[in-house]
Amino acid sequence: MAAKLRAPGWYRAGAFTLLGIAFCFGLTTLIRALYSYDPLIDGYAITVVAMLGAPFFFLVGLGTFDYWFYWAAGRPTRAEDHSSHGAKSWRDYFKVNTDHKVIGIQYVCTSFFFMLVGGAMAMLIRAELAAPGAQFVNAQTYNGLFSVHASLLIFLFIIPVFAGLANYVLPLMIGAPDMAFPRLNALSFWMLPVAGTLMLLSFFAPGGSFATGWTAYAPLSTDAPLGQMMFTIGVQFAGASSIATALNFLVTIITMRAPGMSFWRMPLLVWANFSTSLLVVIATPFVAASQFFVLLDWALGFNFFNAARGGDVLMYQHVFWFYSHPAVYIMMLPGFGIVSEILSVKARKPIFGYRMMAFSLLAIVVLGFSVWAHHMFVSGMQAWIRVPMMITTAIIAIPTGIKIFSWLATLWRGVLKLDTPMLFALGFLTMFTLGGISGVMLAMIPVTIYVSDTYFIVAHIHYVLFGGSLFTIFAGVYYWFPKMTGRMYDERLGKIHFWLTFVGFNLTFGPMHVVGLQGMPRRVADYAEQFAGWNLFISMASFVLGASTLVFVWNMVASWRAGPKASSNPWRALTLEWQVSSPPPIFNFDAVPTVVGGPYEYGVPGAVHGIFNSPVEAKPAGSLVTRPTKE
Amino acid sequence: MEAASVSHLEHDHHGPPEANKSSRVDPAMLGMLLFIISEIMVFGAFFTAYFFIRVVNTDSWPALGQEIPWAIAGINTLILISSSLTLHWALHSVKSGNRFAFKVGMLSTFLLGACFLFIQVNEYIHLGYSPTESAQGSIFYGLTGLHGAHVFIGLTLLLMVTVRAFRGHFSAEHHRGVEVPGIYWHFVDVMWVVVYATIYIL
Amino acid sequence: MVVVGVIASAIGIALGLWIDWFPAQASTQAKEIDTLWDVLIIASVPVFVLVMVVVGTAIIKFRQRPGEELKDGPPTHGNTRLEVIWTALPAIIIVGLVIYAWQVLETIDKKPSSEMVVVVTGQQFTWTFEYPQPGGKPVRTNQLYVPQGQSIEFKIKSVDVIHDFWVPAFRIKMDAVPGITGSYRITPTRTGDYAIVCAELCGLGHSTMRQTAHVLSRERFDAWMVAQQKGAAS
Ligand code: HEA
Ligand code: HEA
Ligand code: CUA
Ligand SMILES: [Cu+2]
């Protein structure tokens, strides 16, 4: 037992968590004693401090910091024996692991877990909304449900699942043996369960879960019950995780590309994650700061948002949206990358206008920082900001349009293999266009003034996030499933999943445009009689949509356990990840490949993207073991 | 469930192939620079709050009847700036192989930094107003406190470097472990000059 | 394919214009906004149809057929002419829409010669309305009464958290923000009773923060006002 408690792992993590709570208890009480506060022991204060502090103890206990502690103390770091590379049984996925492939799978599975939980909450939302009046949850619970629904799906599903997929395939695609900072990579992952657990635990907090929407506008959030802090603090952990991963991607892409892999030979998925990471590194600190302000106002009585004492309520929204608008591109650009990979391979044609595809990504990154106030057209901010924001917002349609049309041109005269990944990619192409067009409508101020905060927005949200991001995620998961698991998924179930989802999705979210235009506000547990018909219809459709997800889960689990073995390159793709075995060898490549051409040269006779020399040819024998020592 | 990779177990004894270096910049240094961009944005958000409270709301600065001790903070600024100089000296010394000067440099940098933090805390205690009275107070404590937290992080990094310096680590060839935390410390110092200028002087 | 596209666009636009998307139209501003919506439908249906038709055609014409498992498409890498067109065309559409929307915004914001002010105050979870009286105590009510044909400026305040003052029939909404007085104006065109909806999440009672706006004819409104003034005086 004592040995178990000393070695990194779940036992030590549990013990450390308890220790951390005790420490935070002591610290809080000590400070209160110094200030001679009364009462000395304040449950709320202790809980908030513990929510901030205990996760660090947990992470230390789990072992994410061990190496750095040795390093910092100047002790000899334990030689890297690579015991934490690869996974030999499912148990290894529950340990701190520095292998990007293992971390990728950890990310994807964890975030899909939160997707199911968040989706189940959507089912409860729809059940409540099936008829006017209260069905079975009260207003507090209802507000909590959609707040947690959105927070989980945004912060713990869409953003991390993209990071997870890229974690797995990006180093392989650029011919790198791992990410630049494998230990930081592990830490990034393990912050996610912390954030998710906090958000879920909020349902057990006195006063109920946080219930101020995923936007958590002050001053509603600054005098909400304790559960609000679990959002505020959870977002800090999710945000820190996202920044660390983005930094890791950027360094990996810049410094670890294979020889010959110039920027203009990178697959578009790499470009997409490069752009996304720039967004994350620059924008995410703003959401962290906005939640710091809330935390300070809530817990220590600061006045950032207290208008009576000189605070500024709208400042919250400016800071929040300066992150959260770029965040919608954080949630979309990696999907653009996935779709580019799939469309090119499945249409057997090079990506049309490769350079413009990369440039338009960068254009979206730059423009994305100049449009945040389009979420504030009715917020009462200075009127003159509106028109410039309308213009910049509408301009984003142009680079996005370039991407859409280039994909269409990629399809044209190709040889389209309409299997599950391709179906989801095509579903994305059409449904995202619809969501993007409703976005352009929202940019037109007079229209937004009417439809803002109605179900028209809810429709836009889901067309871009479900029809856009989630479709690309499904496409990506099917596409790389053989690579990640070494097994094929069931194509028939995949197609059933697609059609159920596609139809269920449109029947659920399409009519929301209509009820929104008719004047149904969002974020309400109860609504006027006139909307009853459509809402019942939407709820029924949403249950079909929910059920379709079960087909997906079943397909994934069953195929991973017992699907037919996958060959190394079932799609006949050119990019590097398909040139190694499925699943890839433990260190990705025996020797780093050399890139000699573009990634999408389908149809060009004899084209290759990368060449693989056997290690013996590439380097004198034995050179693999001797790594030059570096500081 | 199949394990992710068993096929190449026979290679387990050796490490991964050396990654190709596709850029001359050092990964750790690049990582630190990107992290600093993130940090600048955190400060940017706090400055946004400051801008809204002071400029957009046209509230008096500082709140009526309060004073900000710009002179003491000015001395503190000098202390912090000199710590940047000693750090530079330390790095220079390790590069030229002068271990003694390196150790002295690291130690004095650390002490100067700690001194800054000590004066800052004292300032808080004697300031005579609190963040709960006005939004101006909130952002004063918010910005200086945020910076103080960064000084604390910087000091932790410096402490590690100092400990390792005294344990005989680093040499004229291997000093990246000094350089990278060093950049961070310089960033913290420059940030303070900006904070000082906007909060105390303007 | 072009024919299919044109027909589908025509049907789509016709349908979009025919469907009655909005609730009752009860202000001059509503008329402007509804027209802008129609213009947006006309502009966006063809864009969506274009994407759908190209994807549909590709699926039908270019799908992999048995025996083509190893076939590749032609290696076209790009076409500058096409790329210029599909950058310029959306740009033109966007410029047109933005200019028109700006125009509409100016129109609905325009201050007419005579205007009546109503102060709207939101609090959890109700609205109160004040009619300032020259040289007297303002008239305060819990129901909104406004005269038909008169431009009204709402001055919007909040005493606690953010609310949003919205009468769907008038189309315009604006947040009620603590510490700020917002404002917008509308001119009611139809007498009747319309719902007032709080459109910003403000806590537990958000979905029940509903009142009624009564648009009265000028005479009836004046009579109501006189009665209110008397009530306030006594
Ligand atoms: C993946 C996420 C995602 C993406 C990609 C987008 C993309 C866009 N969004 Fe959306 N948006 C959200 C997620 C997203 N949004 C969310 C979550 C909210 C609500 C937040 C909340 O309040 O809770 C929101 C809210 C929101 C608002 C605020 C509404 C309000 O609350 O009042 C606005 C207003 O301008 C807007 C606009 C846009 C625009 C112009 C785009 C553009 O980027 C779209 C560009 C794409 C296209 C236009 C389609 C392809 C282009 C062509 C085929 C070319 C030709 C087209 C034309 C000429 C029109 N969005
Ligand atoms: C990626 C993001 C994402 C996704 C995928 C979804 C998915 C869904 N959303 Fe969500 N939604 C948002 C992001 C998302 N949403 C956001 C940002 C908001 C705004 C919140 C706010 O106002 O603050 C919102 C708000 C929102 C509302 C408005 C609430 C309100 O304003 O009052 C509604 C109402 O119908 C809704 C419904 C749905 C439905 C039916 C789905 C369906 O697609 C879900 C389908 C179901 C599943 C995928 C799960 C099925 C699984 C099971 C049934 C088994 C469960 C198993 C286990 C628990 C192990 N969503
Ligand atoms: Cu008041 Cu919602
Ligand atoms: Cu936005």
Side-chain angles (χ1 to χ4, degrees), chain A residues 139-140 212-213 217 219-220 307 313-314 347-350 352-354 356 378-380 387 390-391 394-395 397-398 401-402 404-405 408-409 411-418 426 429-430 433-434 437 440-441 444-447 449-450 452-453 517-519 521 523-526 601-604, chain C residues 21-23 32-33 36-37 40 44 47-48 51-52 54-55 58-59 62-64 68 71-78 82-83 86-87 90-91 94 97-98 101-102 104-105 108 156 161-162 164 168 171-175 177-180 182 195 197 199-208:
Chain A
Q140 159 67 30
T212 55
Y217 278 6
L220 187 58
V313 173
L314 288 185
R348 307 306 306 165
K349 275 185 69 201
F352 195 92
Y354 169 88
M356 282 314 285
V378 298
S379 69
V387 171
M390 161 166 78
I391 297 171
I395 290 178
I398 297 170
I402 294 178
I404 298 275
F405 296 129
L408 292 181
L411 294 178
W412 202 248
R413 306 173 110 193
V415 184
L416 272 61
K417 177 133 179 65
L418 295 171
L426 295 177
L429 212 53
T430 51
T433 303
L434 197 57
I437 289 175
V440 172
M441 291 175 163
M444 303 298 143
I445 302 168
V447 170
I449 288 179
Y450 176 58
S452 183
D453 287 311
L517 285 168
Q518 287 173 353
R523 297 174 166 175
V524 288
D526 185 10
E601 301 297 309
Y602 302 104
V604 183
Chain C
W21 299 98
F22 296 101
E32 299 285 334
I33 292 178
L36 172 61
W37 170 261
L40 286 176
S44 34
V47 175
F48 181 61
V51 175
M52 286 304 277
V54 174
V55 170
I59 289 179
F62 306 124
R63 67 191 312 165
Q64 187 190 78
E68 295 186 335
K71 198 172 162 223
D72 284 348
T76 29
H77 283 95
L82 266 180
E83 287 175 48
W86 68 49
T87 313
I94 291 292
L97 290 180
V98 165
W102 192 345
V104 173
L105 185 66
I108 62 181
I156 303 158
V161 299
I162 305 178
D164 190 299
R171 299 292 185 273
I172 309 218
K173 66 164 73 73
M174 165 85 66
D175 279 5
V177 184
I180 297 180
V197 175
E200 183 69 61
L201 179 61
C202 52
L204 285 182
H206 168 59
S207 51
T208 56

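Throughout, a chain's letter reflects where its sequence line sits, starting with A, and its residues are numbered from 1.
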For a 4.5 angstrom cut-off between non-hydrogen side-chain atoms, does [X] reach [Y]?
X	Y	value
Met441(A)	Ser44(C)	yes
Glu200(C)	Asp453(A)	yes
Ile449(A)	Arg171(C)	no

With chain C, which of [options] has the greatest number of heavy-atom pairs at distances under 4.5 Å?
options	result
Gly213(A), Ala397(A), Pro219(A), Ala139(A)	Pro219(A)
Asp526(A), Leu426(A), Val447(A), Leu434(A)	Leu434(A)
Phe405(A), Tyr354(A), Tyr217(A), Tyr450(A)	Tyr450(A)
Ser379(A), Gly401(A), Ala525(A)	Ser379(A)
Pro350(A), Gly380(A), Ala307(A), Ser452(A)	Pro350(A)
Gly603(A), Gly519(A), Ala409(A), Pro521(A)	Gly603(A)

Residue [X] versus chain A: region with a heavy atom under 4.5 Å:
X	result
Ile94(C)	side chain
Val98(C)	both
Leu82(C)	side chain
Leu105(C)	both
Glu68(C)	both
Leu40(C)	both
Val54(C)	both

At a heavy-atom distance under 4.5 Å, which candidate from [options] has the highest pair count against chain A?
options	value
Ile162(C), Val104(C), Ile108(C), Thr208(C)	Ile162(C)
Pro75(C), Pro178(C), Gly182(C)	Pro75(C)
Pro168(C), Gly179(C), Ala195(C), Gly205(C)	Pro168(C)

*What is the minimum heavy-atom distance between Met356(A) and Glu83(C), and which atoms define it?*
CG-OE1, 3.0 Å
How long is the gap from [atom1] on [X] to [atom2] on [Y], to the nearest 0.5 Å?
X	Y	atom1	atom2	answer
Asp72(C)	Glu601(A)	CG	CD	11.5 Å
Phe48(C)	Thr430(A)	CZ	OG1	6.0 Å
Phe352(A)	His77(C)	CZ	NE2	11.0 Å
Ile402(A)	Trp86(C)	CD1	CH2	9.0 Å
Ile33(C)	Met444(A)	CD1	CE	14.0 Å

Which portion of [X] sits near chain C, non-hydrogen atoms under 4.5 angstrom:
X	value
Ala394(A)	both
Ile404(A)	side chain
Ile437(A)	side chain

Enumerate, atom names and distances included, each donor-acceptor pair closer than 3.5 Å involving a side-chain atom of residues 411-418 of chain A, sequence neighbours excluded.
none

